[in-house]
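Following: one structure in structure tokens, then a few remarks.
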Amino acid sequence: MCLSRLEGWHCLIPDPGAKAFCISVTHVSVRVFVCSWIESDRDESEDLAKIQDAVDPQSELTMRPSPKSDIFSFDISGKTTRNVVDFSISNKNFQSGFHSGTLPAPPARKIAIVTCMDARMHPEKFLGLRFGDAHVIRNAGGRISDDALRSLVVSQRMLGTEEVVVIHHTQCGMMTLQNEAVYDSVEKRLGKEAREHIHDNDYMPLGTDLVASVKRDVQIVKDYPAIPNDTPVHGFIYDVANGSLEPVVTD
């Protein structure tokens with residue numbers, strides 16, 4: 001589907017009470033104008049879907065600055081996705097109310113959190129964190145992998161954190177995952193050569209006992225030579241069904 005099918009103006013309102021976005025679509029570009037809120041009965045979600053559908057999946061999105069602060073535009077060429085367009089529009093609204101640009105890099109609460117990448121988890125919200133409060137390190141399962149340890153060392157030695165929290169969660173896909181299933185899936189989609197490339201990787205399944213998995217990962221942090229022995233390391237289980245946080249290990 002090409003952009004020329006949607007040439008003209010479209011009004012998008014991302015959130016009630018937020019600024020509206022007027023979209024000017026031509027065959028080569030999309031221009032986004034940030035406008036004041038206007039009450040309307042129009043179903044803006046239909047417009048958003050049209051704009052997103054208009055972007056060719058094989059095209060590429062390139063941002064370019066606009067001479068006016070309340071306007072930005074981007075060109076379509078090569079590859080892009082609906083999400084890229086949506087992110088660009090949403091970010092403009094976010095930027096209009098952004099006031100955290102002067103925060104220092106070291107986390108204010110001197111804490112680093114390791115947790116899962118699961119989309120149902122929003123640690124900043126369920127822990128009451130604000131911009132600049134903590135480092136949040138995420139991976140599949142919230143495991144203390146070699147890369148998580150690398151990030152923790154940088155967090156402590158270079159950015160001054162002094163405390164670590166490990167959080168696993170209920171209904172995690174890593175509880176039942178097996179390494180072999182990952183290898184098989186990669187081979188089915190990408191071929192034997194791709195499987196051979198990852199066949200030595202351990203994807204660190206959690207197992208079904210979350211209490212045990214949290215305790216195991218907390219101990220890995222405590223035993224790591226590049227993390228001071230007196231570092232408080234806590235472990236929790238987050239329940240995705242009700243939003244609760246259960247302590248497992250508290251230093």
Side-chain angles (χ1 to χ4, degrees), residues 1-38 40 42-103 105 107 113-140 142 147 151 169 173 189 238 240 243:
M1 191 180 296
C2 65
L3 284 169
S4 59
R5 291 181 58 180
L6 284 173
E7 288 188 11
W9 287 93
H10 303 266
C11 183
L12 310 181
I13 303 172
D15 298 295
K19 291 183 177 180
F21 294 93
C22 290
I23 312 299
S24 171
V25 182
T26 72
H27 71 288
V28 293
S29 68
V30 180
R31 292 177 64 79
V32 181
F33 293 75
V34 184
C35 310
S36 60
W37 171 258
I38 300 173
S40 172
R42 182 179 179 82
D43 182 4
E44 67 277 3
S45 63
E46 181 180 350
D47 279 338
L48 180 59
K50 286 179 179 178
I51 290 293
Q52 291 178 330
D53 281 337
V55 180
D56 186 335
Q58 300 305 311
S59 62
E60 216 169 75
L61 188 95
T62 305
M63 296 293 297
R64 73 165 184 264
S66 175
K68 294 184 179 180
S69 61
D70 62 342
I71 301 174
F72 76 98
S73 61
F74 44 88
D75 294 330
I76 305 297
S77 62
K79 291 184 177 180
T80 194
T81 67
R82 297 177 181 182
N83 281 328
V84 172
V85 175
D86 192 22
F87 292 161
S88 300
I89 294 169
S90 297
N91 178 255
K92 190 62 179 180
N93 193 45
F94 169 80
Q95 184 184 355
S96 69
F98 184 72
H99 304 293
S100 302
T102 59
L103 289 174
I113 297 154
V114 182
T115 192
C116 186
M117 66 185 188
D118 193 293
R120 297 167 293 180
M121 296 185 68
H122 198 321
E124 290 83 359
K125 285 191 175 181
F126 69 70
L127 295 175
L129 299 173
R130 299 175 300 177
F131 268 117
D133 273 354
H135 285 155
V136 181
I137 302 161
R138 302 185 68 164
N139 61 39
D147 194 64
S151 295
H169 69 93
R189 177 66 176 84
Y238 175 75
V240 299

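Positions are given from 1, in the same order as the sequence printed here. The figures here come from the full heavy-atom set of this structure, side chains too, leaving out hydrogens, waters and symmetry mates.
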Distance-only, no hydrogens or angles: does the Ser96 side chain make a donor-acceptor pair with backbone N or O of Asn93 under 3.5 Å?
yes
Looking only at heavy atoms, what is the nearest atom pair of [X] and [Y], with distance?
X	Y	value
Pro107	Ala134	CB-CA, 3.7 Å
Cys116	Ala140	SG-C, 4.3 Å
Val114	Gly142	CG1-O, 3.7 Å
Phe131	Ser100	CD1-OG, 3.5 Å

Would you mind writing out the side-chain donor-acceptor pairs for residues 119-128 within the sub-3.5 Å range, not counting sequence neighbours?
residue, atom, partner, partner atom, Å
Arg120, NE, Asp118, OD1, 2.9
Arg120, NE, Asp118, OD2, 3.4
Arg120, NH1, Gln171, OE1, 3.1
Arg120, NH2, Asp118, OD2, 2.8
Arg120, NH2, Gln171, O, 3.0
His122, ND1, Glu124, OE1, 3.3

Taking only residues at least two apart or on different chains, which pairs with a member in residues 127-136 satisfy side chain to side chain donor-acceptor pair (under 3.5 Å)?
His135-Ser155
